[in-house]
Amino acid sequence: MTDLPQHSEKKLGLVIDLDTCVGCHACVVACKGWNDQAYGAPLSDSEPYGADPSGAFLNRVHSYEVLPETGPAQHVHFPKSCLHCEDAPCVPVCPTGASYKRAEDGIVLVNEDACIGCGLCAWACPYGAREMDPSAGVMKKCTLCVDRIYNDALPEEDREPACVRTCPANARHFGDLGDPESAVSQLVAERGGIDLMPEQGTRPVNKYLPPRPRDGWGGDTDVLAPYLEPVAEEPEGFLGWLDRTLGKL
Amino acid sequence: MHPAKSIILFTTLSGLGFGLLVWLGLDPTPPTGWVAFVFFAVAYALALGGLAASSRHLRRPERALKAFSQWRSSWLSREAWGALLALSVMALYALLLLFGVAVLPLGWLGAALSLATVGATAMIYAQLKTVPRWHHWSTPALFLSLALTGGALLSGRVLAASLLLIVSGALQAWVWWDGDKRFARAGTTLSSATGLGERGTPRALFPPHTGSNYLLDEMVYVVGRRHAQKLRVIALLLMALLPLILLQLPLPHVFGLLALVSHTAGVLVSRWLFFAEAEHVVGLYYGRR
């Protein structure tokens, strides 16, 4: 049924740290790698080295520059995937019931066997989290690696989304955002985690940790700076005599 | 938004078809026999032709019947039910008219269902908060008034068509004027999209991928907007002004037909603009609209 669940106690989601993300795209590759062999139709990847490559991704890393009133610009890498919204606009628009949100853990999924590929859910999503698979003709989206996180066949440390598992900078965190005591909730509280596009009223579960302020231009640029000053400011010897003589002329 | 031919044809043709069904259903002295057959055949050809075009928009049309299941939450599903019910009721009404029996209440029911179908189509767009230009009461108002205008032209009602041409033309002009300001009014910006606004002015530095993707092809269609102002004038002339003049001329059958052709061409241009000019908020992530 495409009605949203009234309330989900458990709210599984991601916390993405914009301060530590280095923009390496490892999460993008890990996501594509896992999702072209597991849940649902494989994420297509047609003509990857040809003239007209096409395919679908569930996770993309944007890059932005933020220019403050004063001081240097800051470069922010910005990974973006499904935010598993509490008031997910992609769910009620679905005419077939293929798009749904699970009551037990809040994950938003697509039942691909019921998807007619109309694309309306992707239109309803403000974040661009859904992409139509060009080969399978069904809507693809982040599953929060539902086939990893509950998978007893995997070692325990691998029971988290592929993007979180692979992130070398530890910029991605996975957990229950419905539990205020969980590590991710504590992190959000401590760092002032924010919602994307709050005015759209989607109430996203995923949170973003804003980048910490950087040092400004003012003062010494480095503690080693004094040691880097030129050693011989005044010429000595013959060059010194020449310099003084020429200066008197 | 990408102006897909299938959806432009669908909304235009089925709008005309259901619009004609509304007038046929409300007619206190409906046509009977062969005249009724011709009128209903035209209406069904337009409505069904439009619906057939819409199925081309689906990537998995073989599963289209599943779209009837979610009428409680989805406007797309309600549209499917509306079309099925309107066409079924009107088919019964038409069948009885062929034998000279006019069951007027059945016609009223069919007319109401036809209007509801056009309304549901418009609500598919109007419900989308992500496209501020569409997320407005004027979207269903415009779809409904254009359907009624086309239906009045098709059923040869000169006075009603003339008045509706003025109303729908004026409404269309206002929708363009007001629609241009709705994105700014919605308040979604790159700052709110990234949450980086508090630290300064964010700017999209480079995209996540070198080529295009589904999001850019489907929702960040900016190609045709260059000629938007000229196309608006062309659309308004064809859909409202020219038919209005043609309707006042003698020989209603000849000029009425020309008025209909002109109006339909104008609505097609207007519908193309409806999609091509619509800006989806996801474009902000790419530094575009």
Side-chain angles (χ1 to χ4, degrees), chain A residues 1-3 18 25 28 52-57 60-69 73-76 78 80 89 91-98 113-120 122-128 131-132 134 136-138 194-201 208 210-211 213, chain B residues 1 57-80 124-125 127-131 186-188 190 192-209 211-216 218-219 280-287:
Chain A
M1 186 47 61
T2 49
D3 287 324
L18 297 178
H25 291 242
V28 179
D52 187 22
S54 70
F57 285 81
R60 306 246 190 203
V61 181
H62 293 254
S63 292
Y64 300 103
E65 178 198 69
V66 190
L67 192 63
E69 289 281 323
Q74 195 171 346
H75 189 162
V76 180
F78 194 93
K80 183 163 62 62
V91 170
V93 298
C94 178
T96 69
D113 293 334
C115 176
I116 57 174
C118 70
L120 191 55
W123 287 13
C125 172
Y127 307 109
E131 295 187 23
M132 183 89 75
V138 294
I194 52 146
D195 289 347
L196 303 186
M197 289 189 189
E199 71 283 355
Q200 286 275 335
Y208 282 75
Chain B
M1 306 295 285
H57 183 65
L58 306 180
R59 288 295 310 272
R60 302 299 290 255
E62 75 276 12
R63 300 171 180 163
L65 283 181
K66 289 184 191 290
F68 285 97
S69 66
Q70 306 300 314
W71 52 272
R72 274 175 293 184
S73 49
S74 165
W75 281 106
L76 185 49
S77 192
R78 286 173 198 159
E79 177 200 42
I124 294 173
Y125 307 108
Q127 70 178 334
L128 295 174
K129 230 177 165 179
T130 49
V131 185
T188 299
L190 182 57
S192 76
T194 58
L196 296 170
E198 281 189 15
R199 338 189 63 80
T201 313
R203 177 170 78 94
L205 205 54
F206 43 85
H209 38 93
S212 191
N213 70 349
Y214 172 75
L215 300 173
L216 291 173
E218 185 76 7
M219 283 167 273
H280 194 288
V281 293
V282 77
L284 292 168
Y285 284 110
Y286 289 87

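Throughout, a chain's letter reflects where its sequence line sits, starting with A, and its residues are numbered from 1. Only a predicted model underlies this, so the values are computations on that prediction, with no experimental measurement involved.
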Which atoms of [X] come close to chain B, meaning under 4.5 Å heavy atom to heavy atom: side chain ones, backbone ones, both, or neither?
X        : result
A/Pro53  : neither
A/Ile194 : side chain
A/Val76  : side chain
A/Phe78  : side chain

### Task
State, to 0.1 Å, how close B/Gly187 and B/Ser192 come at their nearest heavy-atom pair, and which atoms those are.
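Answer, listing the atom of B/Gly187 first, then B/Ser192: O-OG, 4.2 Å.
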### Task
Kindly give the heavy-atom pair with the smallest separation between A/Pro211 and B/Leu196, and that separation in Å.
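Between these two residues, the closest heavy atoms are CD-CD2, 3.7 Å.
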Option that, when pairs with chain A are counted at under 4.5 Å, heavy atom only, ranks first among [options]:
options                              : value
B/Arg78, B/Glu79, B/His57, B/Glu198  : B/His57
B/Leu76, B/Leu128, B/Leu58, B/Thr201 : B/Thr201
B/Ala80, B/Ala193, B/Pro207          : B/Ala193
B/Lys66, B/Met219, B/Glu218          : B/Lys66
B/Pro61, B/Gly197, B/Pro208          : B/Pro208
B/Phe206, B/Phe68, B/Tyr285          : B/Tyr285

### Query
Testing B/Thr130, B/Thr194, B/Val281 for side chain to side chain contact (heavy atoms under 4.5 Å, CB included) with A/Met197, which one passes?
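Filter result, single survivor: B/Val281.
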#### Entry: chain A contact via B/Ala64 - side chain, backbone, both or neither, heavy atoms under 4.5 Å
backbone
### Query
Hey, which of A/Gly117, A/Ala56, A/Ser63, A/Ala114 has the most heavy atom pairs under 4.5 Å with chain B?
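Greatest number of close heavy-atom pairs with chain B: A/Ser63.
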### Task
Look at A/Pro134, A/Pro210, A/Gly201 and state which one has the largest set of heavy-atom pairs under 4.5 Å with chain B.
A/Pro134
Atom pair [atom1]/[atom2] of [X] and [Y] - distance to nearest 0.5 Å:
X        : Y        : atom1 : atom2 : answer
B/Leu65  : A/Thr96  : CG    : OG1   : 12.0 Å
A/Phe57  : B/Asn213 : CZ    : CG    : 9.5 Å
A/Met132 : A/Cys118 : CE    : SG    : 7.0 Å

### Query
Residues two or more places apart in sequence or in another chain: which of them pass side-chain hydrogen bond (donor to acceptor under 3.5 Å, both in side chains) with B/Trp75?
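Per chain and number, B/Trp75 pairs via side-chain hydrogen bond (donor to acceptor under 3.5 Å, both in side chains) with no residue.
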## Note on the structure
side-chain hydrogen bond (donor to acceptor under 3.5 Å, both in side chains) filter on A/Gln200, not counting sequence neighbours, yields none
### Query
Can any side-chain N or O of B/Gln127 pair as donor or acceptor with the backbone N or O of B/Ile124 at less than 3.5 Å?
yes
